[in-house]
Number of protein chains: 2
Amino acid sequence: MITVSEYFEGAVKSLGYQSPEGKSTIGVIESGEYEFGTSMHETMLIIEGELEAKLPGNNNWEIFRKGEAFEIDANQSFKVRTSSQTSYLCKYK
Amino acid sequence: MITVSEYFEGAVKSLGYQSPEGKSTIGVIESGEYEFGTSMHETMLIIEGELEAKLPGNNNWEIFRKGEAFEIDANQSFKVRTSSQTSYLCKYK
């Protein structure tokens with residue numbers, strides 16, 4: 001089962017699946033700024049494009065480019081913003 | 001615009017977008033064997049999981065793991081098979 005999800009009126013779309021290591025999603029984010037909440041620990045890796053993230057406990061926007069990743073604990077919220085379509089891999093644990 | 005596509009009755013799903021370098025899709029392939037055709041040159045990179053591909057001009061199945069890629073010219077057909085959900089990035093030119 002490959003689960004298609006849409007958020008923010010289709011500005012973020014993702015495909016959920018089971019990887020060898022656990023639950024994963026791949027997705028694409030349109031230009032804009034978004035706030036996400038986590039229910040599990042997430043590792044987010046930029047596949048193509050780039051985005052800025054404001055991570056929990058950090059007042060500054062930090063830039064993440066293709067191949068770079070950040071982690072978020074469960075039950076946190078964080079913001080991302082991008083000026084171009086950006087694809088990501090999100091791994092949950 | 002993020003384009004959701006489904007193939008083989010939903011066994012392959014993809015999200016199409018514009019990367020800084022050109023048209024791209026990210027997608028997930030369910031367990032099974034599939035034949036694809038190309039209309040453009042494609043570079044296919046395995047994000048998670050692994051698959052075997054039978055590429056044009058090759059009678060043997062070749063295995064591609066996470067982080068590995070292969071290229072296919074335009075107007076070719078190739079087969080892939082996998083025994084677990086596998087995610088990929090496809091770049092077109």
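Letters A, B, ... are given to chains in the order of the sequence lines, protein chains preceding strands, and every chain is numbered from 1. Note that the coordinates shown come from a computational prediction; the quantities given were computed from them, not determined experimentally. Note: hydrogens, waters and symmetry copies are ignored here, and every other heavy atom, side chains too, is used.
- The most heavy-atom pairs under 4.5 Å with chain B, out of A:Ser84, A:Gly27, A:Ser31, come from A:Gly27.
- Using a 4.5 Å cut-off between heavy atoms, B:Ile26 touches chain A through backbone and side chain atoms alike.
- Annotation for A:Ala74 and A:Thr38: closest pair C-OG1, 3.3 Å, computed over non-hydrogen atoms.
- When heavy atoms are compared at a cutoff of 4.5 Å, B:Thr86 does not approach chain A at all.
- When each of A:Glu21, A:Lys91, A:Glu30 is scored by its heavy-atom pairs under 4.5 Å with chain B, the top score falls to A:Glu30.
- Annotation: A:Lys93, atom NZ; neighbour count of heavy atoms from other residues, nucleotides and ligands within 6.0 Å does not exceed 12.
- In this structure, B:Asp73 CG and B:Glu71 CD are separated by 8.0 Å, a value rounded to the nearest 0.5 Å.
- The ring of A:Phe8 has its center closer than 6.0 angstrom to the ring center of A:Phe36.
- Contact tally against chain B (heavy-atom pairs below 4.5 Å) for A:Glu50, A:Met1, A:Lys66, A:Glu6: the top residue is A:Met1.
- In this structure, NZ on A:Lys54 lies 5.5 Å from CH2 on A:Trp61, to the nearest 0.5 angstrom.
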